[in-house]
Amino acid sequence: MKKKFTPENIQELKENQIFVFGSNMNGNHAGGAARLAVEKFGAIMGQAEGLQGQSYAIPTLNEDMEKVTEEDLITYLGNLRNFANEHPEKEFLLTAIGTGIAGFDTNYMAYMALRANLPDNVTIPEEFSKIKGFKGFNSDMTCRGFKYEEGKDYEEQGDISACSNGFHYCLHPLDVFGYYPPAYIGMNKFHEVEGSGDMDVDTDDTKIACSKIHIGAELSIKSIVDAAIKFTFSKCKWVKEKIATGYQGAASATGDQGAASATGDYGAASATGYQGAASATGKESIALAAGKDCKAKGALGCWIVLTERGEWDENTYPIISVKAFKVDGKSIKEDTFYTLINGEAVEMK
């Protein structure tokens, strides 16, 4: 979907233009673009969302000045989409919402803006025009019959549509495993990539289709898992005993014999201390056992990632290998703890 870019350093608006800024649920427009909206474009203190003068507010922080959830962002951006569709005579200048005081990652907010399927009368900031992610390949660097090379750029013509036309990759690191399973070590490869140009998304997961793609460095399974944990940490909702609930939640237990559990879809639980335990029960979630003698288990359809470590070398327990396994109910049983011994997943009795 082609997009016009929002001008930088906006100080005045045309009669038909609306300044779109990030706000908070208290409507306290005290800093950044929100303050500019109050001073120049009619934003109203105490109004958290929607049209106000020649500006439009999208909450990115809640009443406690913490990041809103992904579900909330989908709702608020959907409200903008609907309002812009109802007012085709207006041009809505979307700023880099959420990337300032709210602290959201620019790459993530670029994806959320793309996912919102905003109409053509909504411009986007130029920093939202490129989105980094992850792509899987066969061992010869082919994907659906097309051969790629690391470090190269590629361009596709025609209308870009997810699952139909364009170069495809995923925002969420773990989503690539659904297309190229990590269990096939030596057969499948994974790379970091950056997409741009015309873009579209498939909301069943975080798949992105784009007209332009750059193929970056190859990644190990461990690198992808580390990226997945980093990706999810900023979105978790914590409850007692290191349990993270909600879509894309993340839990981590770092102490000896600690336990971490992720119960929401696309969650990540990691145990990094001695004899730690990690478990995942949500759809496509991951349980990572990274410490010495750690174990992991998952529900059917989840992933467990197991780490085998050597003996203490007066500095650390060195990593011997890291392997990922799909909980398929056959070779890897559901709700059963496993550890990695001699490169193999071994059931814990």
Side-chain angles (χ1 to χ4, degrees), residues 1-8 20 22 58 60 70 73-82 84-85 88 91-99 104-137 143-146 148-176 178-180 190-217 219 227-228 231 235 248 266:
M1 181 173 55
K2 293 182 179 179
K3 281 292 179 186
K4 296 180 181 178
F5 293 152
T6 301
E8 296 182 6
V20 183
I58 296 179
T60 56
E70 183 161 292
L73 279 177
I74 292 172
T75 297
Y76 299 142
L77 284 164
N79 292 341
L80 172 64
R81 178 187 63 242
N82 295 338
N85 277 323
E91 183 180 35
F92 295 81
L93 307 181
L94 178 66
T95 61
I97 59 170
T99 63
F104 280 104
D105 177 68
T106 299
N107 196 66
Y108 173 72
M109 291 305 300
Y111 169 79
M112 294 303 295
L114 176 65
R115 177 190 170 114
N117 193 25
L118 300 171
D120 292 340
N121 61 329
V122 180
T123 68
I124 62 169
E126 189 168 3
E127 54 263 53
F128 283 8
S129 65
K130 296 180 179 181
I131 302 176
K132 295 179 180 179
F134 304 85
K135 183 171 178 62
F137 303 90
C143 175
R144 299 181 66 84
F146 187 90
Y148 297 80
E149 291 183 41
E150 183 176 318
K152 294 292 185 68
D153 295 281
Y154 300 91
E155 185 169 358
E156 179 68 270
Q157 303 299 321
D159 294 332
I160 302 302
S161 178
C163 303
S164 179
N165 185 48
F167 302 108
H168 290 75
Y169 65 104
C170 296
L171 178 79
H172 194 297
L174 300 186
D175 282 348
V176 297
Y179 305 96
Y180 288 86
F190 306 93
H191 283 250
E192 57 185 7
V193 299
E194 182 178 78
S196 59
D198 298 344
M199 307 181 80
D200 188 35
V201 299
D202 176 11
T203 55
D204 285 344
D205 57 13
T206 62
K207 183 193 293 183
I208 302 171
C210 61
S211 63
K212 298 179 181 180
I213 194 168
H214 173 77
I215 309 301
L219 300 171
F231 182 87
K235 303 177 186 66
Q248 293 184 340
Y266 299 96

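Predicted model, so just to flag it, every value in this text is computed and none were measured.
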### Message
Among L73, D202, I74, which residue satisfies the side chain to side chain contact (heavy atoms under 4.5 Å, CB included) criterion with R115?
### Response
I74
### Query
Sequence neighbours excluded, which residues qualify as side chain to side chain contact (heavy atoms under 4.5 Å, CB included) partners of A84?
F92, P119, N121, V122
### Task
Indicate the atoms forming the closest heavy-atom contact of G216 with H191, along with that distance.
O-ND1, 2.8 Å
#### Entry: Residues forming a side chain to side chain contact (heavy atoms under 4.5 Å, CB included) with S211, sequence neighbours excluded
I160, D198
### Task
Write down the atom of K135, the atom of I213, and the distance for their closest heavy-atom approach.
CD-CD1, 4.2 Å
### Query
Any sub-3.5 Å donor-acceptor pair from H168's side-chain atoms to A162's backbone N or O?
no
### Task
Please work out which of the three classes, parallel, tilted or perpendicular, describes the rings of Y148 and F146, given edges at 30° and 60°.
perpendicular
### Task
Give a yes or no on whether the backbone of R81 and the side-chain of N85 come within a donor-acceptor separation of less than 3.5 Å.
yes
## Note on the structure
One should read off an interatomic distance between Y76 OH and T60 OG1, to the nearest 0.5 angstrom, of 10.0 Å
### Query
Does any non-hydrogen side-chain atom of I97 lie less than 4.5 Å from one of L77?
yes
### Task
Could you tell me whether the side chain of T95 and the main chain of V20 form a donor-acceptor pair under 3.5 Å?
yes
### Message
Taking the side chain as everything from C-beta on, heavy atoms only, tell me whether M112 gets closer than 4.5 Å to E70.
### Response
yes
### Message
Please determine whether side chain to side chain contact (heavy atoms under 4.5 Å, CB included) holds for the pair I124 and F5, giving the CA-CA distance in whole Å, both sets of side-chain angles, and the decisive distance to 0.1 Å.
### Response
CA-CA 5 Å; I124 62 169; F5 293 152; 4.1 Å; yes
### Query
Please, which pairs that meet side chain to side chain donor-acceptor pair (under 3.5 Å) have at least one residue in residues 150-159, sequence neighbours excluded?
E149-K152, D153-H214
### Query
Run the side chain to side chain contact (heavy atoms under 4.5 Å, CB included) check on Y179 and D205 step by step: do they pass?
CA-CA 11 Å; Y179 305 96; D205 57 13; 2.5 Å; yes
### Message
Would the distance check show the side chain of T6 and the main-chain N or O of L94 forming a donor-acceptor pair, the cut-off being under 3.5 Å?
### Response
yes
### Task
Verify, without hydrogens or angle tests, whether D200 (side chain) and A209 (backbone) share a donor-acceptor contact under 3.5 angstrom.
no
### Query
What distance do L118 atom CG and T123 atom OG1 have between them, rounded to the nearest 0.5 Å?
10.0 Å
## Note on the structure
For A113 and F128 the tightest heavy-atom approach is CB-CD2, 4.0 Å
#### Entry: Gap between atom CZ of F167 and atom SG of C143 - 0.5 Å precision
10.0 Å
### Query
Of the non-hydrogen atoms in H172 and T206, which two are nearest, and what is the gap between them?
N-OG1, 2.9 Å
### Minimum heavy-atom distance L93-P7, with the two atoms named
CD2-CD, 4.3 Å
### Message
I'd like to check T99 versus E127 (side-chain heavy atoms, cut-off strictly below 4.5 Å). Are they in contact?
### Response
no
#### Entry: I215, D175, I131 screened by side chain to side chain contact (heavy atoms under 4.5 Å, CB included) with Y169, the one that passes
I131
